[in-house]
Student: 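Here it is, the structure, as structure tokens.
Protein chains get the first letters and strands the later ones, always in sequence-line order, with residue 1 at the start of each. Since this is a predicted model, take the numbers as computed values, not measurements.
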Amino acid sequence: MSEALLSVRDLSVVFAGDDGPRTLIDNLSFDLGQGEILGLVGESGSGKSLTCRSLVRLMPSPKLAITSGAVMLDGRDLTKVSEADIRDVRGRDIGMIFQNPTSHLDPLMHIGDQIAEGIRVHRGVDGKAARAAALDILAQVGFPHPARQYNGYPHEFSGGMRQRAMIGVALSCDPRILIADEPTTALDVTIQAQILKLLMDLRESRGLSVIMITHDLGIVAQTCDRIAVLRQGKLLEIGGKRDLLGRPQHPYTQNLIASHPSMPARQAAMSSHIVHPTAVVPKARPLIEIDDLHVRFPVTGRGLFSGGPREFSAVKGVSLQVMPGETVGIVGESGSGKSTLARALLGLTPISDGHVSFDGADIVMERAKALSKLRQETAMVFQDPYNALNPRLTIGTMLAEVLAVQDSVPKERIPERIGELLDLVGLEREFAGRKPLSMSGGQCQRAGIARALAVNPKLIVADECVAALDVTIQAQIVDLFRDLKRRLNLTLLFIAHDLAIVRSLCERVVVMYHGEIVEEGPTEDVFSAPREAYTRALIDAIPDIDPDKRLVPPRGGDALIEETSGLVTDEIS
Amino acid sequence: MHRYKFVLYRPLQFLPVLFGISLITFVLVRLIPGDPARVLLGTKSTPTAIAAIRAQYGLDQPIWLQYFYFLQNLAQGEMGKSILYKIDVLRLITTRIEPTLALVLCSVLLSLIIAVPLASLAARSNGGPADHIVRFISTFGIGFPPFWLALMLIIFFSVRLDLFPVSGYGENLADKLYHLILPSLTIALSLSTVLIRSLRTAMIAELKGDLATAARARGMPESIVFWRHVVPNSLVPTVNLLAVNIGWLIGGTVVVESVFALPGMGQLLVRAIFSRDYMVVQGVAMVFACATVLVNFIADIVTVAIDPRVKQ
Amino acid sequence: AGVLTIGRREDGTTFDPIKTAQNVDNWVFSNVFDVLVRVDKTGTKLIPGLAESWSVSDDGLTYTFKLRDAKFSNGDPVTADDAAFSILRIRDNPGSLWADSYKIVDTATAADPKTLVVKLTGPSAPFLASLALPNVSVLPKKVVESMGEDAFGEAPIGSGAFAVKEWRRGDRVILTKNPEYWDAANVSLDGVEWISIPDDNTRMLKVQAGEIDTAIFVPFSRIAELQKDPNLKIHLDTSTREDHLLINHEHGALAKKEVRQALDMAIDKKAIVDAVTFGLGEVAYSYVPKGALYHYADNLQRPYDPEKAKAMLAEAGAADLNLNYVVNAGDEVDEQIAVLLQQQLAKAGITVSLQKVDPSQSWDMLIAGDYDISVMYWTNDVLDPDQKTTFVLGHDSNMNYMTRYNNPAVKDLVGAARVEMDPKKREEMYIELQKMAKDDVNWIDLYYSPYRNVSRANIETFDQNPLGRFFLEETKKN
Amino acid sequence: MTAALAPAWVAVRRRPTLLAGLILLTAFLLIALTAPLIAPYDPILQNGDLRLQPPSWAHPFGTDNFGRDIFSRVIWGTRVDLQIAVIGVVFPFLIGTTVGTVAGYVGGKVDIVFMRVIDIILAFPFLVLMLSIIAILGPGLQSFYIAMALVGWVSYARLIRAQMLVLKTVDYATAALSLGFSGPRIMFRHLLPNAIAGSVVFSMSDCVLVLLSGAAISYLGLGVQPPIAEWGVMVAEGQSFITTAWWITLFPGLSIVTLAFGFSLTGDGLGDLLGVRE
Ligand SMILES: Nc1ncnc2c1ncn2[C@@H]1O[C@H](COP(=O)(O)OP(=O)(O)OP(=O)(O)O)[C@@H](O)[C@H]1O
Ligand SMILES: Nc1ncnc2c1ncn2[C@@H]1O[C@H](COP(=O)(O)OP(=O)(O)OP(=O)(O)O)[C@@H](O)[C@H]1O
Ligand SMILES: [Mg+2]
Ligand SMILES: [Mg+2]
């Protein structure tokens with residue numbers, strides 16, 4: 001490692017709150033070397049983003065202030081330089097890319113212009129030259145048709161392309177240091193792999209130094225040179241990735257590594273829990289039977305006079321059977337129709353064609369009967385724990401209402417039942433009086449599961465129910481499911497695009513692509529020997545925590561890019 | 001251009017709206033007690049004279065038949081004849097439409113001229129003294145009854161300072177604009193308070209938002225951050241607010257027209273209602289409705305022009 | 001020389017004289033058109049207009065007019081044919097609002113180009129006076145017929161002192177001096193602009209600022225202040241306006257004459273004059289307004305005496321009288337009177353509930369008898385008292401101006417006065433009528449008020465006669 | 001109960017805007033409630049000897065052209081004008097909220113029908129409606145309220161509908177649906193409380209609009225029945241004296257402005273409190 005390019009010394013950031021100051025970053029020190037990729041990991045709220053924003057003094061609120069410490073770049077302390085100087089540092093020396101490209105790109109401006117803007121300001125060139133340079137950058141970050149795509153608006157691109165544009169914007173100022181704040185969290189595994197590959201390529205070609213923020217150890221394992229672990233604003237440990245992953249010092253780090261779904265320990269644990277399909281009584285009637293299901297949505301935004309399809313098929317001809325007590329995982333990239341399938345089988349979305357029956361009742365032919373059965377015997381758990389709970393109701397009120405409406409428990413038994421449910425999901429009974437906003441994501445998700453259990457379901461459909469959670473919490477929730485399944489003999493339909501979790505939880509897995517099932521089978525079979533190229537691509541794209549298992553971007557670059565941006569082509573011509 | 005396609009079929013949606021408005025106005029004005037013939041004849045009316053006038057204007061026909069004739073006329077692009085003015089309603093309206101349109105236009109421009117800089121000032125000094133002053137003025141200014149404000153402006157600017165004419169509508173373009181300054185100012189003062197509040201809130205949100213952070217992280221000077229990113233993005237919600245307010249204004253200029261003696265449609269309408277000049281009320285209502293519809297239509301186009309995400 | 005600008009409340013509605021009954025129109029008609037016979041400045045005498053002279057046959061049925069040499073503003077001569085056409089048109093045209101008043105005309109013919117002969121179906125004392133009405137102005141027959149009525153109503157041709165140059169609807173009527181006018185030599189103004197400025201304040205401020213020369217309809221409340229301004233002249237010209245309280249004779253106790261008399265005594269008219277007209281009006285005591293023909297100056301004035309009124313009411317068995325008072329919305333003066341009357345009548349133990357309604361609707365209510373009391377006003381269009389008398393006392397189709405007053409003796413006298421050709425006897429008859437009406441309290445006379453106009457100090461002779469005619473042909477702008 | 005209110009009080013105290021607004025409104029409410037006690041004179045009693053007196057100790061706001069005490073009239077006017085602002089908003093709020101909730105949640109044909117009706121009302125000249133209704137029912141508060149209710153609900157319906165369209169796709173709506181809750185329960189118990197904040201904030205500025213509409217109607221001469229003291233009517237009637245007796249219009253005018261100010265401040269504060277973006 002060469003001489004440190006950027007060094008942070010004893011950095012502290014304090015929040016001047018209404019009830020006294022709170023230290024958010026506590027005496028943080030680290031170095032970033034030339035051409036190095038440094039990973040910053042840690043749970044949500046640990047201060048990763050704040051640290052990086054402090055480097056360029058972009059505090060999210062005037063109530064936050066750097067109280068001590070120094071950020072040294074080229075012999076200057078960035079915490080002390082003038083406002084004009086720090087503005088010069090931003091972009092030119094230190095560029096940033098953000099987690100959510102949608103909100104960080106100007107929706108009203110052409111992608112290309114946003115890149116050209118930085119070039120004009122920082123390099124002081126005229127419009128024409130800036131445009132040429134911007135086209136160049138577009139090509140570098142992997143836009144297949146820069147000239148045409150220059151005039152595209154952010155919303156016309158897919159998430160992956162937007163993130164590429166975001167990187168392009170950051171590169172426009174030709175920085176030496178790039179801060180990437182969770183650049184792939186919002187993206188599919190496949191796209192994630194491409195973006196990470198892009199970042200590493202850029203490091204190679206431009207000699208960039210990168211600070212990579214993430215909470216996924218797999219990503220750091222695949223991309224970083226060194227890793228820093230943050231917790232509650234403090235640096236727990238820092239070191240070379242092999243050292244740190246191999247011999248974590250701090251118990252928190254050890255736990256973090258152990259929670260990673262791709263860890264051998266967890267995979268071993270899983271196999272002991274799996275009830276083999278053969279264990280299911282073969283003659284049992286399937287709980288769910290789906291036969292050639294089609295779900296189509298009317299397409300808005302197409303005028304009276306424009307031709308083209310007026311319907312969009314989200315699910316096209318899916319057939320699937322789920323036995324009682326089975327745990328089936330549904331995977332597939334974003335938009336492949338997973339949620340739609342789940343909603344259709346619960347009778348929450350009208351079915352366009354085909355048949356779905358639950359416990360023998362066809363939800364098209366015998367709608368009333370099937371629906372009442374579904375409402376009483378199925379429940380859903382949702383992705384975003386906060387959005388899934390009505391923010392105005394306490395957990396107790398919410399559960400009581402479900403119990404009252406379901407009418408399965410006598411009125412006077414309701415409080416007691418609420419207690420039992422909370423016990424079941426591992427929440428203190430006092431949570432009955434809390435509202436979602438005063439609870440953490442994991443606690444909310446548990447409450448959501450308690451609500452699902454309140455109906456005494458035979459079937460639980462969990463739609464991306466851990467995607468929004470920290471790895472450590474993720475692991476807890478997955479354990480909870482496993483436990484409940486065993487104790488209550490639940491049938492579980494588990495939707496996720498995180499294949500590692502599915503692999504650790506489910507017996508059977510269904511892979512969806514563009515509304516169709518492309519592969520289906522026992523989890524281990526599918527994961528160890530995928531038949532379809534798509535499935536393989538999905539599996540390969542999972543960043544493994546083992547740095548030596550290299551990340552393979554699926555189907556190599558351009559083909560997929562072409563496809564994801566295909567939608568765009570006719571929009572901007 | 002793909003995204004402007006709605007321009008072609010949008011007007012079709014408005015036909016039922018206009019039909020609904022014609023029906024409601026027709027029924028409504030005829031529900032009002034009072035007889036146009038009697039109003040026309042004044043205090044010295046006699047029953048025979050009243051009957052003669054009613055017959056002349058077809059008011060003795062059953063109401064559904066009258067409506068039928070009205071629609072029939074409308075289909076031929078006519079709106080009947082004014083009972084009070086004895087000329088074609090459409091012609092009458094064309095003689096009165098200009099001042100109202102000009103007034104609305106000038107007021108809107110003026111209020112934008114007032115609102116955009118003030119809102120920018122306030123948003124950029126968020127929490128500072130300038131912000132407090134602007135907020136105070138805009139909150140306080142909302143409550144002024146327009147006719148009171150108008151008189152105060154006349155007394156101050158026209159009588160005391162002799163800067164502007166007291167009232168009236170000029171002869172040529174420059175003169176007309178000169179006459180329109182005070183009336184537009186009256187409206188603009190209250191309209192701009194609404195705009196300032198909306199713009200300021202939007203700008204503050206944008207200034208704090210991801211967009212501005214991203215631009216700053218690229219080292220963009222604050223002026224570019226503000227004018228290239230924050231302002232356009234804050235305008236989007238304001239365009240709609242403005243459209244609703246313009247729609248409201250179009251039918252509500254009567255007080256200002258009356259204080260400043262502008263020969264516009266508002267005055268025509270009020271007099272028509274008071275004298276039960278049915279045809280004129282209907283005609284003006286239709287014209288106002290069309291104007292409102294048009295304004296919303298323009299607002300749609302503007303929104304689409306500013307914001308590529310919006311598709312109708 | 002110069003152009004006189006006049007600020008008024010409303011714009012005119014049409015220039016076809018037979019199709020309007022509004023003062024705003026009539027007052028401009030007098031500038032633009034000419035009539036056969038005019039009413040003089042005092043409002044008490046008929047003087048020659050387009051007719052140089054006239055004679056009436058002994059039976060009172062044939063009128064012969066000798067026309068002067070006059071021309072329309074397009075240069076065509078004014079002929080007897082035009083005059084006959086105009087009289088027959090107001091009688092026969094389906095759009096005429098005045099047909100009833102001219103049904104008495106049997107024929108109108110041109111004996112020669114300058115001689116008009118009008119034959120009546122019966123004798124009529126007020127007929128000659130009715131020819132002074134601006135609505136029966138002499139129009140150029142050829143032009144009306146060739147242009148069409150509607151077009152004429154927008155761009156008329158007349159033989160008055162001024163000609164319509166442009167009409168900006170809602171804004172102003174621009175008149176220029178008519179060089180063809182028979183007395184053009186004596187017209188000083190180059191033109192006149194009637195500008196509509198609906199808001200009273202604005203109109204006054206506009207004169208004060210010197211942006212217009214004159215303004216009419218000065219609010220009572222502004223007179224004292226404007227009088228102090230040395231740049232301005234206030235003109236208070238006698239009018240025939242009388243404000244009165246209508247009483248619905250068919251409603252309960254109001255049918256009793258004593259109750260109505262008590263009501264009269266319970267009202268302090270002086271207080272109304274003071275509060276509402278700021279002392280500029282005059283307490284009224286006869287339905288024939290002061291300054292009008294046959295006004296009876298010695299008519300009975302009941303004293304203001306709420307105590308006596310209360311006693312009279314008690315005697316008549318109407319001790320706790322409840323009255324429903326219909327108020328015209330939007331009329332400042334009307335609402336003020338209502339508020340005053342409510343308080344005054346309360347002193348006599350009468351409870352008045354105010355019901356504010358849209359003016360056009362209050363008409364309907366008055367006609368339907370859906371009221372107890374209500375304030376209305378009347379201004380004469382014609383010099384002769386017959387028009388008002390017939391409407392108010394003659395039991396015509398209007399139920400005596402909505403009061404439902406019914407006294408056959410009065411009715412007979414009204415009829416007789418109409419055909420009495422001897423002025424002396426007629427005057428007696430009208431005095432008798434005024435006494436009878438007062439005794440019966442057909443309504444309660446409240447006050448007479450003047451026309452209130454203001455002009456800049458440099459404007460000379462800005463006069464209005466009691467019938468409302470402006471003599472702009474005499475006005476000078478220095 | 002007091003314990004439940006304590007956090008609310010803390011939240012209010014931290015927001016000077018809201019606090020100022022609430023204080024102003026409370027003050028007006030107190031004035032309205034105690035009008036008979038604090039008004040020194042009968043608001044409708046005329047006194048010919050005291051006409052057009054400028055402000056003095058005996059008559060702090062002066063007297064009008066009937067010799068009525070303007071101070072007392074302004075105090076009594078508080079009753080009427082508060083009532084105008086509140087009733088003029090309550091009905092539109094109720095109607096609009098209901099319609100918006102149903103249209104937004106149910107969607108489909110119901111939504112289309114309501115949206116067309118809303119289009120019609122939005123394009124309908126307000127003045128025609130207002131003047132017609134007043135002409136039909138007679139001038140006075142009742143007609144005013146009816147006209148306001150017929151038109152005003154549209155804004156609320158649009159606000160709520162937009163919120164509902166978003167909220168009904170939120171997970172807890174889906175959850176409620178999947179748990180077998182009835183439509184009305186989901187709409188009114190689960191979604192509406194989360195959708196209503198924007199409307200509550202808007203209702204405060206709507207109060208201002210209603211007050212001003214009332215004043216405009218008074219200018220056209222169609223305000224409340226005389227001799228009731230109402231600020232808008234007082235300003236309109238005092239207009240003829242604006243150059244000679246400024247106090248007749250000034251004090252009721254200021255009262256309108258101040259009350260409007262109170263509503264605006266409260267609205268701003270509420271928006272801040274409830275986290276609503278305008
Ligand atoms: N504007 C702010 N005002 C007050 N506190 C803030 C603000 N922004 C962040 N914080 C606090 O600072 C701490 C660190 O936040 P930061 O955003 O850096 O976390 P993070 O590690 O990036 O988490 P995540 O993985 O969720 O993005 C948190 O406790 C957060 O509550
Ligand atoms: N109500 C709807 N109207 C129109 N299109 C819809 C609707 N719901 C979903 N779609 C479309 O159907 C497709 C499948 O959506 P779905 O939500 O089932 O995907 P998913 O596999 O759950 O994706 P993700 O991983 O992002 O949750 C997407 O392209 C989506 O845009
Ligand atoms: Mg973060
Ligand atoms: Mg999904």
Student: Is chain B contacted by the side chain of D:Val208, its backbone, both, or neither, given a heavy-atom distance below 4.5 Å?
Tutor: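 Contact with chain B involves the side chain of D:Val208 alone.
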
Student: Looking at every heavy atom in both D:Val257 and B:Gly143, which two are closest together, and how far apart are they?
Tutor: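 For D:Val257 versus B:Gly143, the nearest heavy atoms are CG2-O, 3.6 Å.
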
Student: I need the minimum non-hydrogen distance between D:Gly232 and B:Phe147, along with the two atoms involved.
Tutor: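 Heavy atoms only, the tightest pair is O-CZ, 4.5 Å.
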
Student: Under 4.5 Å, counting heavy-atom pairs only, tell me which of B:Pro146, B:Ser258, B:Gly34 racks up the most with chain D.
Tutor: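 The residue among B:Pro146, B:Ser258, B:Gly34 with the greatest pair count is B:Ser258.
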
Student: Mind checking whether D:Ile136 and B:Leu28 have side chains closer than 4.5 Å, heavy atoms only?
Tutor: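 Contact flag for D:Ile136/B:Leu28 side chains = yes.
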
Student: With rounding to the nearest 0.5 angstrom, report the OG1 to CD1 distance, B:Thr292 to D:Ile121.
Tutor: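 One gets 13.0 Å once the value is rounded to the nearest 0.5 Å.
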
Student: How far does CD1 of D:Ile133 sit from CG of B:Leu31, to the nearest 0.5 angstrom?
Tutor: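 Rounded to the nearest 0.5 Å, the CD1-CG separation comes to 10.0 Å.
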
Student: Given that the side chain runs from C-beta out, which part of B:Met152 has a heavy atom under 4.5 Å from chain D: side chain, backbone, both or neither?
Tutor: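 For B:Met152, the side chain is the part near chain D, not the backbone.
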
Student: As a quick check of understanding, evaluate side-chain contact (heavy atoms from CB on, under 4.5 Å) for B:Phe274 and D:Leu222, giving each step before the final call.
Tutor: CA-CA 11 Å; B:Phe274 282 140; D:Leu222 301 173; 3.9 Å; yes

Student: Which answer fits D:Ile120, side chain, backbone, both or neither, if we ask what part of it has an atom under 4.5 Å from a heavy atom of chain B?
Tutor: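 It is both, since atoms from each part get that close.
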
Student: Which residue out of D:Leu254, D:Ile256, D:Val235 racks up the most heavy-atom pairs below 4.5 Å with chain B?
Tutor: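 Going by pairs under 4.5 Å, I would pick D:Val235.
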
Student: Would you give the length of the straight line joining atom CG of D:Asp268 to atom OG of B:Ser138, rounded to the nearest 0.5 angstrom?
Tutor: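 One finds 7.5 Å between CG of D:Asp268 and OG of B:Ser138.
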
Student: Where does D:Leu137 contact chain B at under 4.5 Å (heavy atoms): side chain, backbone, both or neither?
Tutor: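 When you check distances to chain B, no heavy atom of D:Leu137 falls under 4.5 Å.
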
Student: Measure the spacing between CD1 of B:Ile142 and CG of D:Leu212 and express it to the nearest 0.5 Å.
Tutor: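 It comes to 9.0 Å.
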
Student: Tell me, out of B:Val259, B:Val293, B:Val284, who's got the most heavy-atom pairs with chain D below 4.5 Å.
Tutor: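 Top option by heavy-atom pairs under 4.5 Å: B:Val259.
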
Student: Taking side chain as everything from C-beta outward and backbone as N, CA, C, O, which of these in D:Thr17 sits under 4.5 Å from a heavy atom of chain B? Side chain, backbone, both or neither.
Tutor: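 Just the side chain, heavy atoms under 4.5 Å.
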
Student: Would you mind telling me which of D:Ser132, D:Ala260, D:Ser218 has the largest number of heavy-atom pairs within less than 4.5 Å of chain B?
Tutor: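 The residue among D:Ser132, D:Ala260, D:Ser218 with the greatest pair count is D:Ser132.
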
Student: Show, in sequence, the C-alpha distance, side-chain angles and deciding distance for B:Arg135 and D:Leu265, and conclude whether the side-chain contact (heavy atoms from CB on, under 4.5 Å) test is met.
Tutor: CA-CA 10 Å; B:Arg135 275 189 77 183; D:Leu265 284 180; over 6 Å; no

Student: Answer yes or no: are there more than 12 heavy-atom neighbours, outside B:Arg271 itself, under 6.0 Å from its atom CZ?
Tutor: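 More than 12 within 6.0 Å, yes.
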
Student: Looking at D:Gln142, I want to see if its CD is surrounded by more than 12 non-hydrogen atoms of other residues, nucleotides or ligands under 6.0 Å.
Tutor: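 Count not over threshold, so no.
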
Student: Once rounded to the nearest 0.5 Å, what's the spacing between atom CG of D:Leu131 and atom CG of B:Leu269?
Tutor: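 Spacing of CG (D:Leu131) from CG (B:Leu269) equals 7.0 Å.
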
Student: Taking only heavy atoms into account, what residues of residues 153-161 of chain B are found under 4.5 Å from chain D?
Tutor: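 The residues closer than 4.5 Å to chain D, in numerical order, are B:Ile155.
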
Student: Please test B:Phe140 against D:Ser264 for side-chain contact (heavy atoms from CB on, under 4.5 Å), starting from the C-alpha separation and ending with a verdict.
Tutor: CA-CA 8 Å; B:Phe140 202 69; D:Ser264 300; over 6 Å; no

Student: Can you tell which part of D:Phe124 gets under 4.5 Å to a heavy atom of chain B, answering side chain, backbone, both or neither?
Tutor: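 D:Phe124 touches chain B through backbone and side-chain heavy atoms alike.
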
Student: Is it the side chain or the backbone of B:Ser190 that comes within 4.5 Å of chain D heavy atoms, both, or neither?
Tutor: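 For B:Ser190, no heavy atom lies under 4.5 Å from chain D.
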
Student: Sort D:Ile118 into side chain, backbone, both or neither according to what part of it lies under 4.5 angstrom from a heavy atom of chain B.
Tutor: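 No part of D:Ile118 comes within 4.5 Å of chain B.
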
Student: Could you walk me through whether D:Gln239 and B:Trp148 pass the side-chain contact (heavy atoms from CB on, under 4.5 Å) test, one step at a time?
Tutor: CA-CA 8 Å; D:Gln239 265 203 95; B:Trp148 196 43; over 6 Å; no

Student: What is the distance from atom CD1 of B:Ile273 to atom CE of D:Met130, rounded to the nearest 0.5 Å?
Tutor: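 B:Ile273 CD1 to D:Met130 CE: 11.5 Å, rounded to 0.5 Å.
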
Student: I want to know whether D:Phe261 and B:Phe136 have ring centres closer than 6.0 Å.
Tutor: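 So the answer is yes for these two rings.
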
Student: What residue, out of B:Val29, B:Leu241, B:Leu151, has the most heavy-atom pairs lying under 4.5 Å from chain D?
Tutor: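 Between B:Val29, B:Leu241, B:Leu151, the count favours B:Leu151.
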
Student: Looking at D:Ala236, D:Ser155, D:Ser213, D:Gly214, which has the largest count of heavy-atom pairs under 4.5 Å with chain B?
Tutor: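 Heavy-atom pairs under 4.5 Å are most numerous for D:Ala236.
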
